[in-house]
Structure formats: C-alpha cells, structure tokens
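Here the structure is laid out as structure tokens; the discussion comes afterwards.
Just so we're on the same page: letters track the sequence lines, and every chain starts at 1. If you're wondering where the values come from, they're calculated on a predicted model, not measured in any experiment. Atoms considered below: every heavy atom in the structure, side chains included; atoms not considered: hydrogens, waters and symmetry mates.
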Number of protein chains: 2
Amino acid sequence: MDRGSWNGDSMTADARPAAPALTERQEARRRRILHASAQLASRGGFEAVQMREVAEAAGVALGTLYRYFPSKIHLLVATMQDQLQHLHTTLRKRPPAGDDAAQRVAETLMRAFRALQREPHLADAMVRALTFADRSVSPEVDTVSRLTTAIILDAMGLEHPSPEQLSAVRVIEHTWHSALITWLSGRASIAQVKIDIETVCRLIDLTAEPGTGAARELDRG
Amino acid sequence: MDRGSWNGDSMTADARPAAPALTERQEARRRRILHASAQLASRGGFEAVQMREVAEAAGVALGTLYRYFPSKIHLLVATMQDQLQHLHTTLRKRPPAGDDAAQRVAETLMRAFRALQREPHLADAMVRALTFADRSVSPEVDTVSRLTTAIILDAMGLEHPSPEQLSAVRVIEHTWHSALITWLSGRASIAQVKIDIETVCRLIDLTAEPGTGAARELDRG
DNA sequence: CGCTAATCTAGAACAAGTTTCAGACTTGCT
DNA sequence: AGCAAGTCTGAAACTTGTTCTAGATTAGCG
C-alpha cells in the first residue's frame, strides 16, 4: 500500500509506517502495475485507467491489483509519486538559473508544466486523482505534497524556511495544482497559467528574509 | 458517452447557455432536485449523493434527474452555484470592514470558510465535484468561477481590475479551492488555511495601482 | 523434502453512475 | 376539444469500481 524505495536522502521525516519488504517478484509486479497505469493514463486520461485493464496489462489478477493499491485513486496517486520522483531527479541535474528565488521557482514550475504538457492525459489522470482523493488517501497525498515542496524549496535554494516561507510555498502549490486543473479542463490557456505562476511566485520575494530579497520593507502584519 | 448536445455556445463571455425557459412545474422540480442534493450532501458528503436517492427524495424519476443534470458532477456543481449565490447576497448585506483591500478579501474568504465549516459534508461534495469536473462541465464550472471572482472583486471594491489584478484574483481562487480541499481531507488545520489565505491576499497589495496601495514601489514586473 | 501461512488467480457477485425503452402524462396549438 | 410533440415515469440493462470466494502457487522454515 505504500512506497518502498526510499533511496536515502529524504529530508526530515521518516514517517513511513511499514513498507513490508516486498520480494523481488512483488517489486516487479508493483512496477508492472504502475507502468500499466501510466501507460493507460497517457492514452485516455483518468477514465481510461480501468482497473480490469490495468490488471490485465500488468499481467496480474484484479484481486492482486487491489492488494497492491486499495483503490483507483491510490493507484493514480502512487503513479504521481513515481512521476514526481523522476521529475525531481531530472530537475536536480539541471537546476534553474534565474537571478532570484522567485524567478527560479517560476522557471522550475513552468518546466514541470511543459513536461506535463507532453502527456496531458497522464497529467489529467494524476491531478484529478490527487484532488479527488479523500481522507483514506491522505498519507499518500501528503507524500506527493512533500515531494512538491521539496522541489520548490530546491529551486529557492532554501534549507531552513521560515513559517512565512512555508506558507508561501503552500500557496504556490495550491496555485500550481489548481491552475493545472483549469488548464487541463480547457478553462485557461497556457499563457494564463504562466502569468498566474509568475504572479504567485512574487510571494517569495515578499517573504524573503530582511536584506536578502527585493522586498525588504513591507509594513508587516 | 458524451454530452456534447448542448446548445451551441460555450466559452464565450455570454454565459447562461440558453436556459430553455422552464415551466413552473419544471422550475419546481429543478428546485426540489437541488434541495435534495444539498440535503444528502450535508449528511454524508460526495458519496452520500447517490443519483437514485436524489431522484427519490426529489420525487422524480431517475431519467428525469438526468435530463435536468446530465451527471452527478453537473448536479453538484449546480448545487455549488446555488449555494454561492446565497453566499454572495449574504455577503453583500454585510460587507467586510477592513482597512485595505487585502484585509477585506481575507476577511470575506474566512467568512465564507466559516460558513462552509458549518456544513463540512456539503462543502466536501461541492468542492470535490468542482475540482473533479472534466471538460464536459466547463461552462458550469466557469459560472462558479465567475461568481467567486465577483465575490472577491466586491470585497476589493474594484470595478475595472487590471490584468495583473485579475491574475492575482485567479491565484487567490486557486488557493481558496485547494486550501479548502486540503482542509476537508484533514491534511491542514483551519489555522493553516487562515494563514495561507492571508498570505495569498498580500498579492493584492502588490498589484494595486500605484498610489492606491501599500506597495507603491516594487521593482515592477 | 514436506508443511503451513501467505499470496496469487480466475471468476462471480455487488454497488452506484449512466443509458435505454415503452408507455403515461403535459403542453402548446389550432 | 383534439392532436402532435415533447416530457415524465418505472423498470431493466449496461459499465466500471470494488468485494468476495475457492482453489492453485509460492515463500519461509524445520
């Protein structure tokens, strides 16, 4: 029911209640399932990921699929974890080059956005699942959230963010998810998404430590 | 499998897709349906709104329910329109009293938030439907979005917002929806939502016309 | 090796959203 | 009033997520 492969360098949390140590064949099954999920999602988005089809494409019985992922939402959120991890390592290889934190974050997010653009159906499936998830998926959604936070903090170049900065990062994440959704459902253009990302990234300057950012003197509340 | 048979127009500004002039009994049916929907949602959230139950509670055949609302998502988004309209008129009666625009918007949103807190299940159903909606519901979701925008602009006291300000408002809406979801799924506390709302509202000052706001001299965009 | 518990498989069964259809009822029009 | 077109009803059917069951396989262990 949960990620197993934690290759070291996670930041603070251990959290991970119990990855019950999968055997090799089990790990392979899990991987086949995730692959099938992503593949089907790439074709036709959320609705195209049908549990029976995933099971068949992964060469696994339906019951087994449900043993590994207790619901379609769990499956798709896990798929998103997977993809995000890829993205994170990709981004680490070529970090953004902007002058200040806000620019780097905006650039990072737009890069991620362009990656998703290449597989809009996959993006659709993952993001819809993510925002539709209810309490039973909270731990998994939280993992995705932490991953996203890590990516953004990376782009900012921050180790020890202040509470204010964390709030700004959360707001950026909110905007990112929600803007993605409006784009995916055809209610906003890419240009609009770009503008909104840049707009929200301005918050970063607002919460920069005194002396390090563009906005040093705002009448603080 | 597709509900493309809508009266022509869609994303043009005009809205209101030609409501074909319902008779009185039809209007009454529609109202009964929306009422049943809200009632069931208040009890048990998204999953408790079951189409057969809505139909029965509204005293209407299942087929009729589907004639009025072509899917469960359509129904819940319409329910949200309804509730938002109430909220809007309520808010107009007692407008927020803050000193600057950012404060008034934050206060308005927190007031709305507290209203939703009183019916968390209803909020759950409506917001989940809203963010899960796919393209086929775009016109209706757009209506909700315009309503929300109107509420925020009201709080700001703006008639003719600049493009920058519209972007800020969109970002606020994104944050509002997404923060609501994280709260509903138990991944954020109310305090955190409040902080994030206040954080994002700072963008309003950033985009205020020169001379009218707190932030007159930021190195432009 | 042989045993036991856990896991996996195939397939049926169930639940809720959605579609369909035949027949009854309304509405609008003349 | 009388009729044609559109609407509503009740019930069954279909789809896809989810659960359950009985039997086959596999893993761990003495």
Side-chain angles (χ1 to χ4, degrees), chain A residues 1-2 4 18-33 36-37 40-41 43-79 125 128-129 132-134 136-137, chain B residues 1-7 18-33 36-37 40-41 43-79 125 128-129 132-134 136-137:
Chain A
M1 57 166 66
D2 197 20
L22 303 183
T23 74
E24 206 163 320
R25 305 187 57 194
Q26 287 176 320
E27 190 54 52
R29 260 185 217 113
R30 182 174 202 283
R31 212 112 279 300
R32 287 205 307 278
I33 292 173
S37 166
L40 287 170
R43 288 227 190 301
F46 187 87
E47 352 208 282
V49 180
Q50 301 195 354
M51 299 305 267
R52 284 172 243 257
E53 295 213 17
V54 172
E56 181 172 13
V60 125
L62 191 54
T64 305
L65 172 50
Y66 273 96
R67 172 182 282 271
Y68 281 73
F69 301 96
S71 78
K72 174 170 173 171
I73 300 291
H74 282 83
L75 172 57
L76 284 173
V77 171
T79 304
R128 297 256 297 285
F132 189 64
D134 68 356
S136 70
V137 205
Chain B
M1 57 179 55
D2 191 22
R3 37 200 133 267
S5 56
W6 264 80
N7 339 23
L22 303 183
T23 74
E24 205 162 321
R25 304 186 57 193
Q26 286 175 321
E27 190 55 51
R29 261 187 217 112
R30 193 187 136 85
R31 212 112 277 301
R32 287 205 308 279
I33 292 173
S37 166
L40 286 170
R43 289 228 189 303
F46 186 86
E47 355 209 280
V49 181
Q50 302 194 354
M51 299 304 269
R52 284 172 242 257
E53 295 213 17
V54 172
E56 182 172 13
V60 123
L62 191 54
T64 306
L65 172 51
Y66 274 97
R67 172 181 282 272
Y68 281 73
F69 301 97
S71 79
K72 174 170 173 173
I73 301 290
H74 282 85
L75 171 57
L76 284 173
V77 171
T79 305
R128 297 255 299 284
F132 188 64
D134 68 356
S136 70
V137 204

Problem set entry | Inter-residue atom distance A/Thr23.OG1 - A/Arg29.CZ, 0.5 Å rounding |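 The distance works out to 6.5 Å.
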For this session: Using the side chain to side chain contact (heavy atoms under 4.5 Å, CB included) rule, take A/Asp134 and B/Arg128 through it: C-alpha gap first, then chi angles, then the decisive distance, then the call.
Result: CA-CA 9 Å; A/Asp134 68 356; B/Arg128 297 255 299 284; 3.9 Å; yes
Seminar exercise, completed: Scoring nucleotides 22-30 of chain C by protein non-hydrogen atoms under 4.0 Å (B base, S sugar-phosphate only, - none) yields ----SS---
Take the protein atom [atom1] of [X] and the nucleotide atom [atom2] of [N], then report the distance between them rounded to whole Å.
{"X": "B/Leu76", "N": "C/dT18", "atom1": "CG", "atom2": "P", "result": "10 Å"}
{"X": "B/Asp134", "N": "C/dG17", "atom1": "CG", "atom2": "C1'", "result": "14 Å"}
{"X": "A/Leu65", "N": "C/dT9", "atom1": "CG", "atom2": "P", "result": "10 Å"}
{"X": "A/Glu56", "N": "C/dA10", "atom1": "CD", "atom2": "P", "result": "10 Å"}
{"X": "A/Ile33", "N": "C/dT9", "atom1": "CD1", "atom2": "C1'", "result": "13 Å"}
{"X": "A/Arg29", "N": "C/dT9", "atom1": "CZ", "atom2": "C1'", "result": "10 Å"}

Looking at side-chain heavy atoms only, is the closest gap between [X] and [Y] below 4.5 Å?
{"X": "A/Glu24", "Y": "A/Glu27", "value": "no"}
{"X": "A/Lys72", "Y": "A/Phe46", "value": "yes"}
{"X": "B/Leu65", "Y": "B/Met51", "value": "yes"}

Problem set entry | Stepwise side chain to side chain contact (heavy atoms under 4.5 Å, CB included) test for A/Arg52 and A/Glu56 | CA-CA 6 Å; A/Arg52 284 172 243 257; A/Glu56 181 172 13; over 6 Å; no
For this session: Check step by step if side chain to side chain contact (heavy atoms under 4.5 Å, CB included) holds for B/Gln26 and B/Tyr68.
Result: CA-CA 9 Å; B/Gln26 286 175 321; B/Tyr68 281 73; 3.2 Å; yes
Exercise. To 10°, what angle do the rotation axes through the five end pairs on each side of the helix from C/dC1-D/dG30 to C/dT30-D/dA1 form?
Worked result: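 Comparing the first five pairs with the last five, the axes sit 20° apart.
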Exercise. Which pair of non-hydrogen atoms, one from B/Ala36 and one from B/Ala57, has the smallest distance, and what is that distance?
Worked result: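 Heavy atoms of B/Ala36 and B/Ala57 come nearest at CB-CB, 3.8 Å.
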Problem set entry | Over all atoms of both residues, closest heavy-atom pair of B/Ala125 and B/Gly45 |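 Result for this residue pair: CB-C, 3.8 Å.
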For this session: Please confirm whether the backbone N or O of A/Ile33 pairs with a side-chain atom of A/Ser37, one donor and one acceptor, at under 3.5 Å?
Result: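 Flag not set: sc A/Ser37 to bb A/Ile33 has no pair under 3.5 Å.
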For this session: Report the C-alpha distance between A/Leu75 and A/Tyr66 in whole Å, list the side-chain angles of each, state the deciding distance to 0.1 Å, and finish with yes or no for side chain to side chain contact (heavy atoms under 4.5 Å, CB included).
Result: CA-CA 9 Å; A/Leu75 172 57; A/Tyr66 273 96; over 6 Å; no
Exercise. Counting just side-chain N and O atoms, does B/Gln26 come under 4.0 Å of either OP1 or OP2 of D/dC8?
Worked result: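 The answer is yes; a side-chain N or O of B/Gln26 sits under 4.0 Å from OP1 or OP2.
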For this session: Have a look at B/Phe69 and say if it touches a base, only the backbone sugar-phosphate, or nothing, with a 4.0 Å heavy-atom cut-off.
Result: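 Result for B/Phe69 = nothing.
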Check: protein-nucleotides 12-23 of chain D nitrogen or oxygen pairs below 3.5 Å:
unit_1: D/dT16; atom_1: OP1; unit_2: A/Gln50; atom_2: NE2; d: 3.2
unit_1: D/dG17; atom_1: OP1; unit_2: A/Val49; atom_2: O; d: 3.3
unit_1: D/dG17; atom_1: OP1; unit_2: A/Lys72; atom_2: NZ; d: 3.0
unit_1: D/dG17; atom_1: OP2; unit_2: A/Met51; atom_2: N; d: 3.1
unit_1: D/dG17; atom_1: N7; unit_2: A/Arg52; atom_2: NH2; d: 2.5
unit_1: D/dG17; atom_1: O6; unit_2: A/Arg52; atom_2: NH2; d: 2.9
unit_1: D/dT18; atom_1: OP2; unit_2: A/Tyr66; atom_2: OH; d: 3.0
unit_1: D/dT18; atom_1: OP2; unit_2: A/Lys72; atom_2: N; d: 2.9
unit_1: D/dT18; atom_1: O5'; unit_2: A/Tyr66; atom_2: OH; d: 3.4
unit_1: D/dT18; atom_1: O4; unit_2: A/Arg52; atom_2: NH1; d: 3.4

